[in-house]
Enquirer: 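Attaching a single structure in structure tokens format; questions to follow.
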Amino acid sequence: MHELSIAMSIVEMAQEEAERRGGVQVQIVHLRLGRLSGVVKEALLSSYEMACASTLLEGSQLMIEEVPVEVFCPRCEAPRLVRSIQWFRCPECDTPTSTVIRGKELEVVALEIKE
Amino acid sequence: MNAEPRLVEVRKNVLKQNDVTARALRGRFRDAGVLAVSLVSSPGSGKTAFLEKTLTLLYSRYRVAALVGDLATENDAARLARSQVPVKQIVTGTVCHLDAAMVQHALEGWDLNTLDILFIENVGNLVCPSSYDLGEDLRLVLLSVTEGEDKPLKYPTIFNSADVAVITKIDLAAAVEFDEAAAKRNIQAVRPGMEVFKTSAKTGEGMAEYLEFIERRRVHSRAAAAV
Ligand SMILES: Nc1nc2c(ncn2[C@@H]2O[C@H](COP(=O)(O)OP(=O)(O)OP(=O)(O)O)[C@@H](O)[C@H]2O)c(=O)[nH]1
Ligand SMILES: [Mg+2]
Ligand SMILES: [Zn+2]
């Protein structure tokens with residue numbers, strides 16, 4: 001379980017940002033989470049509250065947008081969404097591919113703050 | 001005072017610090033011409049045994065060293081030290097994976113120019129290590145014949161993040177009715193094109209093929225360091 005340490009990094013980042021803006025109150029943290037990031041959404045959500053305890057972020061909410069896995073198909077010469085992360089093949093032509101374009105994100109994209 | 005919440009863009013990679021440290025390590029390995037190879041697997045798949053065999057077989061021809069991560073003990077380092085190469089244990093405590101900073105810290109005081117190949121055994125875990133780049137050139141994922149052919153499908157992220165798969169404990173294959181074709185099919189499903197080796201640390205079977213591969217890769221890193 002590394003979701004707690006990830007949650008703590010997220011809180012730390014948001015806190016820094018809030019402090020930089022003069023100690024504003026953060027209500028929502030928006031996160032993009034790739035399905036190949038190695039981080040489990042549910043575990044991250046439950047760790048988040050714990051990570052927020054007695055910080056500026058206490059009471060804030062984590063909103064996760066999951067990013068599907070997109071690969072590059074060498075045959076179609078086009079980006080394609082894989083059907084499942086257990087099947088790295090082009091959904092159109094069935095060509096195997098390991099070239100991942102998207103899906104590893106673990107990124108704080110925005111904060112909703114109250115001044 | 002405005003009561004309306006305001007949306008501010010941030011766009012920051014949560015693992016940025018790790019990625020920066022890993023990139024710096026990769027640069028140091030490249031400059032020193034060191035091939036860095038990490039090993040991941042579930043607990044007990046045979047990483048330490050495989051590494052012990054590897055070190056013993058390489059030690060007369062290459063300057064090899066190993067870092068080994070473990071939650072609580074120094075047992076693995078003690079086993080590896082028998083191969084007479086420099087070994088350092090990284091006790092991670094409650095942390096279930098190595099990260100780039102731990103590797104950087106463990107390497108303090110080591111002159112990378114005195115090494116040819118550095119092996120890094122990660123904590124036995126098929127989940128957490130996948131998110132952390134260690135600056136390695138090659139990530140090996142080990143799968144023992146005793147743990148089931150469907151591990152790649154259960155842990156696709158770590159298999160996908162690896163460069164090479166090694167099927168270990170092949171001496172036990174018959175006893176556990178290991179279905180090699182199924183294991184390979186599952187590996188290819190989650191990471192098409194991945195090279196797969198079969199080895200036994202006990203009998204030494206398959207070690208030569210795998211070591212040839214490592215040596216080929218080392219020639220590449222040497223060439224890259226020279227330019
Ligand atoms: N028969 C057989 N047993 C093996 C082989 N490799 C490892 N083992 C046994 O498997 C067990 C676990 O091996 P380790 O090398 O400690 O595995 P590990 O992956 O380093 O374990 P952790 O670091 O605890 O995750 C030990 O009892 C080894 O003796 C092999 O090739 N053949
Ligand atoms: Mg071990
Ligand atoms: Zn296609």
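Every heavy atom of this structure was used, including side-chain atoms; hydrogens, water molecules and symmetry mates were not.
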Enquirer: Answer with side chain, backbone, both or neither: which region of N160(B) has an atom nearer than 4.5 Å to a non-hydrogen atom of chain A?
Expert: side chain
Enquirer: State, to 0.1 Å, how close L153(B) and Q86(A) come at their nearest heavy-atom pair, and which atoms those are.
Expert: O-NE2, 2.8 Å
Enquirer: With distance as the sole test, does E112(A) use its side chain to make a donor-acceptor pair with the main-chain N or O of L7(B) at under 3.5 Å?
Expert: no
Enquirer: Given that the side chain runs from C-beta out, which part of Y132(B) has a heavy atom under 4.5 Å from chain A: side chain, backbone, both or neither?
Expert: side chain
Enquirer: Any heavy-atom pair between the side chains of P5(B) and I28(A) that's under 4.5 Å?
Expert: no
Enquirer: Kindly check if the number of other-residue, nucleotide or ligand heavy atoms within 6.0 Å of CE (M8(A)) is above 12?
Expert: no
Enquirer: For V10(B) and H30(A): C-alpha separation, side-chain torsions, deciding distance, then whether side-chain contact (heavy atoms from CB on, under 4.5 Å) applies.
Expert: CA-CA 9 Å; V10(B) 180; H30(A) 290 273; over 6 Å; no
Enquirer: Only pairs at least two apart or in different chains count here, so list each salt bridge (charged side-chain N to carboxylate O under 4.0 Å, His left out) that has a residue in residues 23-46 of chain B.
Expert: R26(B)-D133(B)
Enquirer: Where the side chain of S131(B) meets the backbone of S37(A), is there a donor-acceptor pair that is under 3.5 Å apart?
Expert: yes
Enquirer: Would you say E49(A) has more than 12 foreign heavy atoms packed within less than 6.0 Å of its CD?
Expert: no
Enquirer: Which atoms of L31(A) come close to chain B, meaning under 4.5 Å heavy atom to heavy atom: side chain ones, backbone ones, both, or neither?
Expert: side chain
Enquirer: Using a 6.0 Å cut-off, check whether atom NZ of K154(B) has over 12 heavy atoms from anything other than its own residue.
Expert: no
Enquirer: Report the C-alpha separation of R6(B) and R21(A) in whole Å, then their side-chain angles, then the decisive distance to 0.1 Å, and conclude whether the side-chain contact (heavy atoms from CB on, under 4.5 Å) test is met.
Expert: CA-CA 12 Å; R6(B) 196 157 63 85; R21(A) 292 171 183 270; 4.1 Å; yes
Enquirer: Which residues in residues 100-110 of chain A have any heavy atom lying under 4.5 Å from a heavy atom of chain B?
Expert: V100(A), K104(A), L106(A), E107(A), V108(A), V109(A), A110(A)
Enquirer: Nearest 0.5 Å, please: how far is CZ in R191(B) from OG1 in T97(A)?
Expert: 9.5 Å
Enquirer: Would you say the side chain of I85(A) lies within less than 4.5 Å of the side chain of T157(B), judging by non-hydrogen atoms?
Expert: yes
Enquirer: Below 4.5 Å, heavy atoms only, C-beta onward: do R89(A) and P192(B) meet side chain to side chain?
Expert: no
Enquirer: Just wondering, do I6(A) and L15(B) contact through their side chains at under 4.5 Å, heavy atoms?
Expert: yes
Enquirer: Drop me the distance from K16(B)'s NZ to S9(A)'s OG, to the nearest 0.5 angstrom.
Expert: 13.0 Å
Enquirer: Could you tell me which portion of E17(A) (side chain, backbone, both or neither) has an atom closer than 4.5 angstrom to a non-hydrogen atom of chain B?
Expert: side chain
